[in-house]
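These notes are about the structure you will find just below.
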Protein chains: 2
Amino acid sequence: MNSKIFRETKQRNAIKRAIEAAGRPVGPKEILDLACGEVPNLGIATVYRNIKTMVEKGELDPVELPGQAPRYQAPAEKKPHLFICEKTDRVFTIDPKAADFKPSLPEGFVLERFQIICYGEYKK
Amino acid sequence: MNSKIFRETKQRNAIKRAIEAAGRPVGPKEILDLACGEVPNLGIATVYRNIKTMVEKGELDPVELPGQAPRYQAPAEKKPHLFICEKTDRVFTIDPKAADFKPSLPEGFVLERFQIICYGEYKK
DNA sequence: TTAACTGCAAACCCTTTGCACGGTG
DNA sequence: CACCGTGCAAAGGGTTTGCAGTTAA
């Protein structure tokens, strides 16, 4: 059956709010730490299970970046490209002027380098 | 002490040859499988240790890509950008005409999408 | 002969799963 | 009162480390 019923729990709400409050892609551990303020005994397994559920429902977007575990963000914040601060290890979505490679970074950050990653298929 | 002496072993040579023969970034498991032809009892731990050693020596370049474990390639093959075949899960380095976003892909592959990943620092 | 290297197995870390209990609808 | 969700702990998968024996130089 595809018609699974999703329930509202204080854990799920805390997780959702934590991600929205972050305003940038965050990982499971960070989500746990943030949400623990609301739900002290929150388990990491619950965070993982809710992440999976919310991604399936389309309430959460996975953000995968090179050499790192995936992070997650609220869909509304989604922009096509990413900016990674190598000093603070925070990730931001950005909406660059791709045509001339002058991406508009978050205030206060400076661009050091970028990487283009192309995806495709073997069509033979 | 920085002056560690590196020795030549049949395992290390087999690993090195396997990576060079692949001609594209390969992961630890794939390296193990390839090198096992030469050294049957080769252990995965030896592969990991040699990868680390060779990266430190500059004989091997790590290639990190979104949502995947790192792969490794011989430095000579290094090109600025990557192409990922989502059908065969192989990775190639490419030298695209970045200015107009017409990367020259490996023969037979078609581009589906690309992602720009910017790296930088917080300078405040 | 020395000390780097190897294979094996155990340890680790992060993520997933099994289970009994608790809470939503 | 069904049954989904939770916390805990155990299980997985991939990577690293400890150890005793092996081997390059």
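Keep in mind it's a predicted model, so treat the numbers as computed, not measured.
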Sugar-phosphate only, base, or nothing, as touched by A:Leu42 at under 4.0 Å among non-hydrogen atoms: sugar-phosphate
Distance in angstrom units between A:Tyr72 OH and C:dC14 C1', rounded: 12 Å
Distance test, side-chain N/O of A:Gln11 to OP1/OP2 of D:dG5, below 4.0 Å: no
Which residue lies more 5' along DNA chain D, comparing B:Arg49 with A:Thr53 via nearest heavy atoms: A:Thr53
Spacing between B:Leu32 atom CG and C:dT6 atom P, to the nearest angstrom: 13 Å
Salt-bridge present (A:Lys16, A:Glu8; N to O < 4.0 Å): no
Distance-only donor-acceptor test (3.5 Å): side chain B:Arg12, base C:dC5: no
d(CG, B:Asn50; P, D:dT17) in whole Å: 15 Å
Distance, rounded to the nearest Å, where A:Asn41 contributes CG and C:dC21 contributes P: 18 Å
Common cluster, A:Ile44/A:Val55, ILVMFWY with side-chain heavy-atom separation under 4.5 Å: yes
Backbone of A:Arg7 reached by a side-chain donor or acceptor of A:Arg12 within 3.5 Å: yes
Per B:Arg7 side chain, nearest of listed nucleotides C:dG23, C:dT2, C:dT17: C:dT2
Whole-Å gap separating C1' (D:dA2) and CD1 (A:Ile5): 10 Å
Rounded distance in Å - NZ (A:Lys29) to C1' (C:dC12): 14 Å
Test: A:Lys10 and A:Glu38 ion pair at under 4.0 Å: no
A:Thr53 side chain to A:Arg49 backbone, donor-acceptor under 3.5 Å: yes
Phosphate OP1/OP2 of D:dG5 contacted by A:Thr46 side-chain N/O (<4.0 Å): no
Residue whose closest nucleotide on DNA chain D lies nearer the 5' end, A:Val47 versus B:Pro70: A:Val47
Contact nearer the 5' end of DNA chain C, comparing A:Ala45 with B:Lys10: B:Lys10
Gap between atoms CG and P, on B:Asn13 and C:dA4 respectively (whole Å): 18 Å
Minimum-distance nucleotide (side-chain atoms of A:Glu8 versus C:dG25, D:dA24, D:dG7): C:dG25
